[in-house]
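Notes to accompany the following structure.
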Amino acid sequence: MIEDLHISVPLSEVPEAQVGNYFILSEMPGEFLIIQKPDNTFYFLCSRECDIVRICESFDWYIVSKDAFNDRLCIGIGLADKESIDGEVYRVQDEATLSLWRDILRFTFDSDFVRQFFPYNTRFKGKMRIDGALCFYIHDYYPTRCKGIAVEDRKTSNLVFRFKEGQQAALVAKIFSLCIARMPFYKEKAANAVLIPIPAATRERNAARFARFCSLLSRCLKIVDGFRATWIREDREQMKGTHGLDKLSNLIFHPVYFQGRDVFLVDDIVSTGENFTQMKRRLMQLGANSVTGLFLGRTVKTGKE
């Protein structure tokens, strides 16, 4: 058996309760190879008896997918922590196995043979000002009605659609956490921050889209979960992309969540910015200290529709 169990994460940055996991890694059953990439993704191949989920959780890594490779092995991909690393962690039978497993992972994930379904960007693509507030977005978003858009843009559409439907909350929360952690002023605001979503049109959609997402992201960032800062008194029609309408008339605000706090106001897509502007102004009127916008995507206007 050969192994390299070095993890490039300083123990000083690891929560005390998890430090023990770093010392029992060599006692875990089975064989595994984890290849970490500079873009924060990691790929793994492991034997069935290997508890790869526990290994990844001990380093706060999120497994995006895990599937059977054959009757003995599992293969998968995930998102690592905010540090960009290019390296390996492994325990395998011999050098021949290590070489074969490397080839399998690189062929599967680094070649064009497999086109993955979602994008895994972990940095904000751009920033802008909306009503004077600084806003950040991760992707350019092309609506599904657009024709002839690139494969990468289709991946973004896939992720946005799934998130809107209340799926992929853990993946999107992990992506946001990595992006936010790189914001230059994040540490200054974190101690006094609250995460609040721009509510969806109906209670059902709002809960499906944001309840678990806000819980996961606020816990990861160690900030206040403000999902309950607003309450939908009654469902309304979808108004995204419209102008001149009061989009907050069906909402009840609970200022106790955000008075005197720095608000991270999050939504899936920003188009005209009107939803954000109305929410931002109301939160400030009711006592928020500041509002920063965070979006999964920014709608791109094209002539391809």
### Task
Give, for atom CG of Leu45 and atom CG of Asp103, the distance between the pair rounded to the nearest 0.5 Å.
11.5 Å
### Residues Ile180, Phe136; criterion side-chain contact (heavy atoms from CB on, under 4.5 Å); working and verdict
CA-CA 9 Å; Ile180 294 168; Phe136 297 82; over 6 Å; no
### Query
So among Phe210, Phe213, Tyr137, Phe264, which one has a ring pair (Phe, Tyr, Trp, His ring centres under 6.0 Å) with Phe176?
Phe213
### Query
Backbone N or O of Ile130 within a donor-acceptor pair of the Thr277 side chain at under 3.5 Å?
no
#### Entry: Check: Leu251 and Met279 side chains under 4.5 Å, non-hydrogen atoms
yes
### Task
Please check if atom CZ in Arg48 has more than 12 non-hydrogen atoms from other residues, nucleotides or ligands closer than 6.0 Å.
yes
### Message
Rounded to the nearest 0.5 Å, what separates atom CG in Leu105 from atom NZ in Lys37?
### Response
10.0 Å
#### Entry: 4.5 Å side-chain heavy-atom contact, Ser177 and Leu216
no
### Message
More than 12 heavy atoms of other residues, nucleotides or ligands under 6.0 Å from CD of Gln259: yes or no?
### Response
yes
### Message
Does Gln36 form a side-chain contact (heavy atoms from CB on, under 4.5 Å) with Trp61? I'd like the steps, not just the answer.
### Response
CA-CA 11 Å; Gln36 302 163 276; Trp61 296 347; 3.4 Å; yes
### Message
Show the nearest heavy-atom pair for residues Gly30 and Arg91, with the distance to one decimal.
### Response
O-NH2, 3.1 Å
### Task
Supply the atom-to-atom distance Arg102 CZ to Ile35 CD1, rounded to the nearest 0.5 angstrom.
7.0 Å
### Task
State yes or no: do Leu283 and Val256 share one hydrophobic cluster built from I, L, V, M, F, W and Y residues joined by side-chain heavy-atom distances below 4.5 Å, directly or via other members?
yes
### Message
So Leu195 and Val266, do their side chains get closer than 4.5 Å, heavy atoms only?
### Response
yes
### Query
Testing Arg298, Arg205, Lys164 for salt bridge (Lys or Arg N to Asp or Glu O under 4.0 Å) with Asp268, which one passes?
Lys164
### Message
Can you confirm whether the side chains of Ser290 and Asp262 place a donor and an acceptor under 3.5 Å from each other?
### Response
yes
#### Entry: Side chain to side chain, Val89 and Phe32, heavy atoms closer than 4.5 Å
yes
### Task
Answer yes if Trp231 and Phe227 sit in the same cluster of Ile, Leu, Val, Met, Phe, Trp and Tyr residues linked by side chain heavy atoms under 4.5 Å apart, and no otherwise.
no
### Query
Nearest 0.5 Å, what's the CG-CG distance between Asn275 and Leu245?
10.0 Å
### 4.5 Å side-chain heavy-atom contact, Leu33 and Ile104
no
### Query
For the residue pair Leu178 and Ala80, what are the closest heavy atoms and their distance?
CD1-O, 3.6 Å
### Query
Does Glu165 pair with Arg162 as a salt bridge, N-O distance under 4.0 Å?
no
### Message
Please give me the minimum heavy-atom distance between Lys66 and Val53, naming the atom from each residue.
### Response
CD-CG2, 4.4 Å
### Asn158 side chain reached by Thr156 side chain, heavy atoms, under 4.5 Å
no
#### Entry: With sequence neighbours excluded, residues passing ring pair (Phe, Tyr, Trp, His ring centres under 6.0 Å) with Phe44
none
### Query
Is a side-chain N or O of Asp140 found less than 3.5 angstrom from the main chain of Asp153, in a donor-acceptor match?
no
### Task
Find out if a path of hydrophobic residues (ILVMFWY) with successive side-chain heavy-atom gaps under 4.5 Å connects Phe185 to Ile138.
yes
### Query
If you take all heavy atoms of Ala229 and Ile196, which pair is closest and at what distance?
CB-CD1, 3.8 Å
### Task
Provide the closest heavy-atom pair for Thr97 versus Glu31 in the form atom of the first, atom of the second, distance.
CG2-OE1, 4.3 Å
### Task
Measure the CZ-CD1 distance between Arg261 and Ile223 for me, rounded to the nearest 0.5 Å.
9.5 Å
### Query
Any sub-3.5 Å donor-acceptor pair from Asp235's side-chain atoms to Arg203's backbone N or O?
yes
### Query
Would a 4.5 Å heavy-atom cut-off, applied to side chains only, mark Leu286 and Phe258 as touching?
yes
### Rounded distance [0.5 Å steps], OG in Ser249 versus CD in Glu234
7.5 Å
### Task
Compare all side-chain heavy atoms of Phe124 with those of Arg182 and state whether any distance is below 4.5 angstrom.
no
### Query
Is it true that Tyr141 and Phe295 have ring centroids separated by less than 6.0 Å?
no
### Query
Do you know which two heavy atoms are closest between Ala181 and Tyr186, and how far apart they sit?
CA-CD2, 4.0 Å
### Message
When you measure from the side chain of Asp246 to the backbone of Leu248, do you find a donor-acceptor pair of N or O atoms at a distance under 3.5 Å?
### Response
yes
### Message
Does Met1 form a side-chain contact (heavy atoms from CB on, under 4.5 Å) with Val92? I'd like the steps, not just the answer.
### Response
CA-CA 6 Å; Met1 189 75 70; Val92 294; 5.5 Å; no
### Task
Before giving the answer on side-chain contact (heavy atoms from CB on, under 4.5 Å), spell out for Leu171 and Leu79 the whole-Å C-alpha distance, their side-chain angles and the decisive distance to 0.1 Å.
CA-CA 9 Å; Leu171 172 58; Leu79 286 170; 3.7 Å; yes
